[in-house]
Undergrad: 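Have a look at this one before I ask anything.
Note on naming: letters A, B, ... go to the chains in the order of the sequence lines (proteins, then strands), and numbering restarts at 1 for each one.
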Amino acid sequence: MHYDFKKVEEKWQKHWQKTHAFRAQADPKRKKYYLLEMFPYPSGKIHMGHVRNYTIGDVASRFKTLEGYNVMHPMGFDAFGQPAENAAIKNKTKPGDWTRKCIKEMETELKKMGFSYDWEREVSTCQSDYYQWNQWIFLKMLERGLAYRKASQVNWCPSCATTLANEEVIEGGCWRCHTKVEQKDLEQWYLKITEYKERLLEDLSQLKDWPPRVLAMQNNWIGKSSGVDIYFRLENSDKLISVFTTRVDTIFGATYIVLAPEHPLVLDLIKGTRQEKEALEFIKKVASESKIVRAASDVKKEGVFTGSFAINPVNNEKVPVWIADYVLMEYGTGAIMAVPTHDGRDFLFAKEHKLPMRIVISPKDGSLKSAEELTQAYEGNGVQINSGEFNGLDNREAKTKIAQWMEARGIGKIQTHWRLRDWLISRQRYWGTPIPVIYCPACGIVPVPCQDLPIELPADAPFTGEGGSPLGKVKKFVEVKCPKCKANARRETDTMATFFDSSWYFLRFCSPKFKAGPFDVNEAKYWMTVDQYIGGIEHAILHLLYSRFFTKFFQDLKMVDFSEPFDKLLTQGMVLKDGEVMSKSRGNIVDPDSMIKNYGADALRLFILFAAPPETELEWEERGLEGAYKFLNRVWRIQENLKDDADPQVLKALHRTIKKVGADFSEFKFNTAIASLMELTNVIYQSGADKQVFSALIIMLSPIVPHFAEELWQILGHKESIFKTGWPKYDPQLLIEEKVELVIQVNGKLRSKIEVPCGISEDKLKELVFKDEKLAPWLEGKTPKKFILVPQKLVNIVI
RNA sequence: GGGCGGAUGGCGAAAUUGGCAGACGCGAUAGCCUUAGGAGCUAUUGGGGCAACCCUUGGAGGUUCAAAUCCUCUUCCGCCCACCA
């Protein structure tokens with residue numbers, strides 16, 4: 001006899017929808033719980049990664065509901081982006097139509113999984129009632145100088161025909177299509193995220209419930225690095241070259257300096273020198289190379305001498321000035337002092353070009369004899385040598401002393417450099433939020449007045465796939481009057497990067513229909529912050545950093561009174577098949593929909609939670625899914641054989657399980673919670689159970705297998721949804737054991753076990769232990785040296 | 001090169017945070033039931049040994065009465081960042 005999962009699941013999905021079972025309403029009298037999973041891009045089909053992410057969230061959400069919280073659990077769609085445009089070109093549809101169709105399909109699939117979303121709060125970022133607030137936020141940022149336009153070298157994906165943010169360049173390729181990224185000079189819109197760098201870094205310490213891994217990645221990305229800017233004066237000139245170093249302790253070993261090929265001084269330096277031609281050729285060559293090729297670490301370090309010299313300010317030594325490809329203009333000052341003896345890159349370069357070296361840090365063991373014998377740079381710590389008045393100091397101590405000494409003499413400045421760059425947000429694409437700006441020949445860049453929002457995306461743009469953004473070809477979109485002087489003007493045709501859309505959607509969910517602003521401040525006050533956020537590790541840098549940035553911006557606008565949006569973060573592991581990530585290109589996709597058809601959504605949910613802890617990778621195993629299905633049938637059969645009473649052993653087991661499962665659920669340890677529930681089921685299967693024990697079992701199962709639990713709950717005679725009952729309470733009295741089994745070790749090895757009353761005194765226990773026959777052969781003729789007792793657990797006799 | 005994680009049976013994994021290693025499940029083996037089994041039930045299942053026992057958490061040391069867990073060294077794997085000065 002099998003339970004009819006198809007009928008049961010459909011029945012309860014309809015019931016939940018009809019009764020608005022998951023509608024969330026702010027209620028100041030109740031404690032809220034905001035549970036959020038990262039909303040998906042609507043590709044049309046859900047994949048196992050979605051199933052896993054959203055199942056974890058759903059169990060947490062339903063568990064919190066059972067615990068009595070006022071839970072908000074919303075869902076929406078991150079609906080702008082390139083795939084819609086590609087589909088439009090390919091299938092001769094409109095991106096909007098394609099996206100809306102995909103959203104419909106995806107909603108259906110999510111509903112089939114039985115997720116407890118408040119669908120009345122659904123948002124789609126491609127709808128103007130959402131994206132007009134992107135425009136509003138942009139204008140606020142523009143007003144505060146946080147959005148600006150700048151011409152610079154940008155990452156350009158030739159395949160997508162658009163610019164990319166640094167964060168969107170993965171291993172030198174476009175994050176979407178993996179095409180090799182090129183460099184291009186363009187005028188683009190940026191957000192000044194660097195204005196928030198200190199806060200973004202400092203506030204990481206508030207995030208105690210984030211995975212350390214994510215914190216480390218964010219920390220790395222912001223990349224604060226402290227050191228000293230040192231001023232080298234050019235020989236026969238007043239011009240200064242500023243170099244940045246984190247190893248000022250090695251300054252006396254600086255035997256040459258190196259400029260990035262793009263450094264503004266370079267052209268002056270080489271002008272009229274013998275090396276001019278060679279240098280110009282080199283600069284040209286580097287410029288044509290992408291950053292990516294340049295960054296490949298095994299590439300030989302190339303460079304040319306400028307013909308000029310500079311003066312090392314600490315010892316007035318004359319050092320040659322070089323240009324090399326391994327120095328980057330974007331970082332620090334675009335110039336370095338080279339210390340070949342104590343920096344690996346400088347070492348390689350110096351060897352290649354036969355440049356001088358001098359050891360200035362001597363390791364404690366004195367193993368460094370002479371620079372000539374070095375086969376690699378020594379980057380460790382040691383004692384200062386050849387360093388003037390600093391000789392003999394530990395280099396770490398010298399670092400501070402030299403820095404202060406240089407500052408005092410005006411030859412250097414203690415300085416901090418950051419890795420974080422401003423965020424390039426404009427895209428030469430159609431399917432995104434139009435940037436609300438107008439270019440007027442007379443007034444220049446004119447922001448669209450707030451009352452003119454939204455700037456709607458025209459639905460009838462021509463999709464040919466050629467010649468850049470189709471927006472530029474829509475006359476009635478482009479040709480506008482200047483809001484200031486009413487002259488003929490041109491509308492911005494770039495759209496926003498989609499990461500803009502997702503940087504504040506968690507706030508919109510608090511009041512998704514709000515018309516007077518991006519969100520209702522009062523609703524946000526009640527619901528925010530997000531108590532638990534769940535999503536993939538792939539968003540550890542981009543999305544999470546941007547969301548943190550936006551939140552701080554809203555804090556500055558006094559629209560929220562907190563600085564971090566997400567209290568707890570859980571990054572779920574990937575779903576693998578045969579040890580590899582499931583992907584279309586590998587052809588190893590398992591379609592959730594067919595699994596639902598064969599085993600039901602409940603079995604799928606159960607399996608995916610049981611197979612591994614949420615954070616780790618999960619190996620897909622259809623046999624395991626079958627096992628989950630068998631387990632549900634086993635529980636179903638118990639219901640057909642309920643007794644009038646349960647014996648004390650079963651009751652004890654039940655209360656132990658209630659305690660364990662409650663604790664496990666709170667910590668997202670679903671795999672062990674399920675193991676405990678299976679153990680309890682085994683006990684019940686052996687000894688039988690009454691209605692009460694069985695009820696408790698299915699309440700505990702309900703967050704995991706909600707349809708199954710609702711159905712059994714109804715069969716037991718209840719009229720209300722199982723989620724209206726509370727989480728069962730355990731009776732501490734029942735957890736107290738009278739007797740306990742003690743492990744007896746001799747010299748740390750297990751030799752016997754005895755059962756003793758719980759409150760037994762140590763003397764009594766000793767007596768019992770030494771009477772134990774099993775121990776006799778081990779203790780014979782030996783005198784116990786020590787008797788170690790771990791109460792309720794074990795005894796270890798040392799002989 | 002830097003950072004962060006990992007490594008436990010044939011497989012996915014547990015281990016109250018230093019106290020019985022392998023819970024729970026998958027798979028396997030044997031038996032029962034069945035017209036049948038991709039159903040159900042019972043038993044066994046880390047390795048060696050007839051047994052008493054011995055061995056076993058990637059490897060080598062160490063601390064401890066006691067180590068999967070702590071320390072040192074080492075090998076391999078994964079992820080992130082990366083000519084970042």
Undergrad: Which nucleotide in the list B:G25, B:G3, B:C83 gets nearest to the side chain of A:A216?
TA: B:G3
Undergrad: If you measure from the C1' atom in B:A14 to the same atom in B:A23, how many Å do you get, rounded?
TA: 5 Å
Undergrad: Base, sugar-phosphate, or nothing: which does A:P212 touch, judged by heavy atoms less than 4.0 Å apart?
TA: nothing
Undergrad: Answer yes or no: is there a donor N or O on one side and an acceptor on the other, between the side chain of A:R52 and the main chain of A:V575, under 3.5 Å?
TA: no
Undergrad: Can you tell me the pairing partner of B:U69 across any strand shown, Watson-Crick or G-U wobble, with both distances under 3.5 angstrom?
TA: none
Undergrad: Between B:U74 and B:G27, how far apart are the P atoms? Round to whole Å, please.
TA: 43 Å
Undergrad: May I ask you to list the residues of residues 745-754 of chain A, by number, that have any heavy atom positioned under 4.0 Å from an atom of RNA chain B?
TA: A:Q745, A:K749, A:R751, A:K753
Undergrad: Answer yes or no: does a side-chain N or O of A:R419 lie under 4.0 Å from OP1 or OP2 of B:C84?
TA: no
Undergrad: When you compare B:U17 with B:A67, how far apart are their C1' atoms, in angstrom units rounded to a whole number?
TA: 12 Å
Undergrad: From the options B:G40, B:A23, B:G25, select the nucleotide whose nearest atom is closest to the side chain of A:K630.
TA: B:G40
Undergrad: Would you mind telling me which of B:G25, B:C84, B:A82 lies closest to the side-chain atoms of A:M678?
TA: B:G25
Undergrad: Looking only at the side chain of A:L794 (C-beta and beyond, no hydrogens), which of the listed nucleotides B:G12, B:G19, B:C41 gets closest?
TA: B:G19
Undergrad: Side-chain donor or acceptor of A:N796 under 3.5 Å from a matching atom on the base of B:C65?
TA: yes
Undergrad: For B:G12 versus B:U8, give the span between their P atoms, rounded off to a whole number of Å.
TA: 7 Å
Undergrad: Taking atom C1' in both B:G58 and B:A36, compute the distance separating them and give it to the nearest angstrom.
TA: 48 Å
Undergrad: Only pairs with both distances under 3.5 Å count, Watson-Crick or wobble alike; so what is the partner of B:U8 in this structure?
TA: none
Undergrad: Check whether NZ of the Lys or CZ of the Arg A:R358 lies under 6.0 Å from the centre of the six-membered ring of A:F252 and within 45 degrees of that ring's axis.
TA: no
Undergrad: May I ask you to check whether A:D249 and A:H342 show a side-chain donor-acceptor distance below 3.5 Å?
TA: no
Undergrad: Do A:K285 and A:E302 sit within salt-bridge range, that is, some charged N less than 4.0 Å from a carboxylate O?
TA: yes
Undergrad: Salt bridge or not for A:K669 and A:E667, using N-O below 4.0 Å?
TA: yes
Undergrad: Taking pairing as Watson-Crick or G-U wobble with both contacts under 3.5 Å, can you name the mate of B:A28, or confirm there isn't one?
TA: B:U44
Undergrad: Among B:A23, B:C81, B:C26, which is the nearest nucleotide to the side chain of A:I541?
TA: B:C81
Undergrad: Suppose we define a pair by two distances each less than 3.5 Å, Watson-Crick or G-U wobble; what does B:G18 pair with here?
TA: none
Undergrad: When you check the phosphate oxygens OP1 and OP2 of B:C41, does a side-chain N or O of A:R634 lie under 4.0 Å from one of them?
TA: yes
Undergrad: Which base, if any, makes a Watson-Crick or G-U wobble pair with B:A36, both distances under 3.5 Å?
TA: none
Undergrad: Is A:K786 near enough to B:C65 that one of its side-chain N or O atoms lies under 4.0 angstrom from OP1 or OP2?
TA: yes
Undergrad: So A:E538, base contact, sugar-phosphate only, or nothing? Heavy-atom distance under 4.0 Å.
TA: nothing
Undergrad: Which one, B:C65, B:C4, B:A39, comes nearest to the side chain of A:R213?
TA: B:C4
Undergrad: Under 4.0 Å between any heavy atoms, over every strand shown, what does A:E679 touch: base, sugar-phosphate, or nothing? Just pick one.
TA: sugar-phosphate
Undergrad: Which residue lies toward the 5' end of RNA chain B, A:W418 or A:I788, if each is placed at its nearest nucleotide?
TA: A:I788
Undergrad: With a 6.0 Å cut-off (strictly less than), is the heavy-atom count around NZ of A:K659, excluding the residue itself, greater than 12?
TA: no
Undergrad: As a test of reading the structure: which of B:A85, B:C24, B:A15 is closest to the side chain of A:F610, going by heavy atoms?
TA: B:C24
Undergrad: Nearest of B:A13, B:A85, B:A23 to any side-chain atom of A:P613?
TA: B:A13
Undergrad: Between the side chains of A:R634 and A:N682, is a donor N or O closer than 3.5 angstrom to an acceptor N or O?
TA: yes
Undergrad: Which part of the nucleic acid, if any, lies within reach of A:Y685 when heavy atoms closer than 4.0 Å are counted: base, sugar-phosphate only, or nothing?
TA: sugar-phosphate
Undergrad: Of the options B:G27, B:C41, B:C83, whose atoms approach the side-chain atoms of A:R623 most closely?
TA: B:G27
Undergrad: Identify whether any heavy atom of A:R345 sits under 4.0 Å from a base atom; if not, whether one sits that close to sugar-phosphate; answer base, sugar-phosphate or nothing.
TA: base
Undergrad: Taking atom types as modelled and ignoring hydrogens, do the side chains of A:Y331 and A:S225 form a donor-acceptor contact shorter than 3.5 angstrom?
TA: yes
Undergrad: Identify which nucleotide among B:A85, B:A13, B:A15 has an atom closest to any side-chain atom of A:A612, counting heavy atoms from C-beta outward.
TA: B:A13
Undergrad: Enter syn or anti for the glycosidic conformation of B:G78, syn applying to angles within 90° of 0.
TA: anti
Undergrad: At under 4.0 Å, does any side-chain N or O of A:N671 touch on OP1 or OP2 of B:A14?
TA: yes
Undergrad: Base, sugar-phosphate, or nothing for A:V743, non-hydrogen atoms under 4.0 angstrom?
TA: base
Undergrad: Using atom P of each nucleotide, how far apart are B:G40 and B:G59 to the nearest Å?
TA: 38 Å
Undergrad: Going by purine N1 to pyrimidine N3 plus the second Watson-Crick contact, or the G-U wobble pair, all under 3.5 Å, which nucleotide sits opposite B:C79?
TA: B:G3
Undergrad: Which part of the nucleic acid, if any, lies within contact of A:N219, taking any heavy atom under 4.0 Å across all strands shown: a base, the sugar-phosphate backbone alone, or nothing?
TA: nothing
Undergrad: List the atom of A:P340, the atom of A:A377, and the distance in Å for their closest heavy-atom pair.
TA: O-CB, 3.6 Å
Undergrad: Determine whether the side chains of A:Y730 and A:R656 contain a donor N or O and an acceptor N or O closer than 3.5 Å.
TA: no
Undergrad: Both A:E617 and A:T245 contact RNA chain B. Which one's nearest nucleotide lies toward the 5' end?
TA: A:E617
Undergrad: Using the P atom in both, what is the distance from B:G9 to B:G22, to the nearest Å?
TA: 14 Å
